[in-house]
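Input: a single structure, listed below in structure tokens.
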Amino acid sequence: MAPFFSIIIPFHNAQLYLDRCIQSVLAQNFEDFEVLMINNNSSDDSVKVCKKYSSRYVNFCFLSQSTTGVSAARNMGLANANGKYVLFVDADDFLESTALVQLYKFVKKRNADIVYFNMNNLDYLGISLHQLDFPFNVERRLTRPEAFRSLILENGYRGFVWNKLYLRTSIGKIKFNEKIQFLEDTLFNIDLIKQSQTIYSFPVELTNYRIHKDSFVNSRFQSEHLSYFSALEIAELKMPKIFVDDLKVLKRLAQIKFLSETFWTQPIQFSDLKRVLKRNNGVYKVKQIKLTKFQMLLLRIANYSLTGAALIFKMRSILSSCYHCGMKMIHDFHDE
């Protein structure tokens, strides 16, 4: 008999976190699930960790792929999944102990194609709840435009796949785009929303998202980061037209962020990047997302000077880093 949940865990050199991730699955007070652990070219002891569990538990399956990338790993997981619902868990994250039973009760009651659920953010300062704005902070059925808007709203559920539950039959032939490195989650969700009938908001924190200093958001600029803009252009083509201006705003803010990362430390990359990104001037009319006053200021300054906007963003980032370093020192001091 097929399990109720298929839990897909792709991993790449995640030996430091895999045990906690898998233990959080084993700690669930719900047993009708299978776990698919997909190796994505790991060179550490991650494979050894996963094989330990697959040899011990019959509902744990270890798979390894020859191609590279998290999208290919997730696609392999989908191809081998047997559950009624699919849940993605990143190898460095972990579930709350009641996640599966809460999701089971919810979909039994709602018969949902997709369930959006909330998350905790985990960094060196501890755990903080992700803040949701209305209409996502209440339990309710979402309209299709609301489901789309939540993907790009800072205080929405965002474009991630690991804070959503999917009816496997609703996924059908949809796959993750293996040719892009960024926003593959968002593009997958866009395709799925288009053909799903019942999408629900379930604003309960069921997963814990680990924020790394070397993540895409926090990492030093590299040339492959430019593919982020290609992914945004694909999203523009796939999303309803009412979101096009909002995606252009997000693209412009990302341009400012990337320029700020190269401002002092990578002068050659800064010049090259500025030349590539100097197009698309203009503050766009935002319809579906809320911008902070600082973001609006950056957009207006960028109309006249991308360099100026990048400098202001960089200065604010430095001040923010100093604040967080100070908070960490206080936190470490109290721990001692």
Side-chain angles (χ1 to χ4, degrees), residues 2-14 17-18 21-22 25 33-44 46-47 49-51 53-54 59-93 95 103 112-117 147-148 151 157-196 199 207 209 215-216 224 227-228 230-235 237-239:
F4 194 83
F5 293 112
S6 288
I7 302 173
I8 298 174
I9 306 177
F11 65 89
H12 171 75
N13 292 344
Y17 309 106
L18 262 171
C21 174
I22 295 173
V25 176
F33 63 84
E34 65 176 358
V35 178
L36 304 168
M37 304 170 291
I38 299 96
N39 175 33
N40 175 26
N41 289 337
S42 295
S43 56
D44 63 358
S46 296
V47 170
V49 172
C50 288
K51 284 186 174 180
Y53 289 102
S54 63
N59 58 334
F60 278 65
C61 177
F62 169 77
L63 298 168
S64 193
Q65 62 168 2
S66 56
T67 52
T68 303
V70 66
S71 291
R74 286 171 174 160
N75 285 335
M76 176 174 278
L78 288 174
N80 288 275
N82 298 299
K84 182 175 181 179
Y85 281 90
V86 173
L87 180 68
F88 294 97
V89 180
D90 279 2
D92 50 355
D93 299 340
L95 298 174
L103 287 170
D113 292 339
I114 308 175
V115 179
Y116 291 13
F117 56 89
F148 279 122
L151 301 182
Y157 286 102
R158 313 286 295 279
F160 311 122
V161 294
W162 41 256
N163 66 337
K164 297 170 182 67
L165 181 70
Y166 305 96
L167 182 66
R168 186 165 62 88
T169 54
S170 72
I171 297 175
K173 296 182 179 179
I174 295 175
K175 293 184 178 181
F176 290 90
N177 188 333
E178 298 180 16
K179 296 180 180 180
I180 61 173
Q181 294 178 289
F182 304 108
L183 298 181
E184 65 280 351
D185 292 35
T186 300
L187 298 181
F188 177 85
N189 280 314
I190 291 171
D191 288 338
L192 197 50
I193 290 169
K194 285 181 176 180
Q195 65 181 45
S196 297
I199 305 169
T207 191
Y209 167 50
S215 67
F216 166 64
E224 53 263 33
S227 64
Y228 176 84
S230 300
L232 269 177
E233 288 170 3
I234 297 173
L237 295 174
K238 289 177 174 287
M239 289 275 274

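- To the nearest 0.5 angstrom, Ile22 atom CD1 is 5.5 Å from Met37 atom CE.
- Crowding of Lys194 atom NZ: a count of heavy atoms from other residues, nucleotides or ligands under 6.0 Å exceeding 12.
- With hydrogens and angles ignored, the 3.5 Å screen pairs no side-chain donor or acceptor of Arg168 with any backbone N or O of Val86.
- Rounded to the nearest 0.5 Å, atoms CG (Asn41) and OG (Ser64) are 7.0 Å apart.
- Using bins of under 30°, 30° to 60° and over 60° for the plane-to-plane angle, the ring pair Phe5/Tyr85 lands in the tilted bin.
- Of all heavy-atom pairs between Ile171 and Gln195, the closest is O-NE2, 3.7 Å.
- With Phe188 as the fixed residue, the side chain to side chain contact (heavy atoms under 4.5 Å, CB included) test singles out one of Ile190, Asp191, Leu192, Asp185: Leu192.
- Applying the side chain to side chain donor-acceptor pair (under 3.5 Å) test to Asp44 and every residue at least two apart in sequence or in another chain returns Ser46.
- When all heavy atoms are compared, the tightest approach of Ala147 to Ile199 is CB-CD1, 3.8 Å.
- The two residues Glu178 and Asn75 come nearest to each other via the heavy atoms OE2-ND2, 2.8 Å.
- A donor-acceptor pair is defined here as one N or O able to donate and one able to accept, closer than 3.5 Å; no such pair exists between the side chain of Asp113 and the backbone of Leu167.
- Between the side chain of Asp90 and the main chain of Asp92, no donor-acceptor pair closer than 3.5 Å is present.
- Note that CD1 of Ile38 and CZ of Phe62 are 9.5 Å apart. Values are rounded to the nearest 0.5 Å.
- Nearest heavy atoms, Glu184 versus Ser71: CG-OG, 3.2 Å.
- Of all the heavy atoms in Ala231 and Leu187, the pair that sits closest is O-CD2, 4.0 Å.
- In this structure, the side chain of Asn189 engages the main chain of Gly159 through a donor-acceptor pair within 3.5 Å.
- Looking only at distances, a side-chain donor or acceptor of Asn80 sits under 3.5 Å from a matching main-chain atom of Met76.
- Residue Phe117 holds its CZ atom at 5.0 Å from CG of Leu87, rounded to the nearest 0.5 Å.
- With rounding to the nearest 0.5 angstrom, the SG atom of Cys50 is 11.5 Å from the CG atom of Leu36.
- Side-chain atoms of Asn163 come within 3.5 Å of backbone N or O of Tyr157 as a donor-acceptor pair.
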Stepwise side chain to side chain contact (heavy atoms under 4.5 Å, CB included) test for Trp162 and Val89: CA-CA 5 Å; Trp162 41 256; Val89 180; 5.8 Å; no
Verdict with supporting geometry, Phe176 and Val70, side chain to side chain contact (heavy atoms under 4.5 Å, CB included): CA-CA 9 Å; Phe176 290 90; Val70 66; over 6 Å; no
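- The shortest side-chain heavy-atom distance between Ser230 and Ile180 does not fall under the 4.5 Å cut-off.
- Scanning both residues, Lys164 and Leu151, for their nearest heavy atoms gives CE-CD2, 4.1 Å.
- Ring pair Phe160/Tyr209 is tilted by interplanar angle, where 30° to 60° counts as tilted.
- Counting heavy atoms from C-beta on, the side chains of Val47 and Phe11 come closer than 4.5 Å.
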Full working for side chain to side chain contact (heavy atoms under 4.5 Å, CB included) between Tyr166 and Val161: CA-CA 9 Å; Tyr166 305 96; Val161 294; 3.4 Å; yes
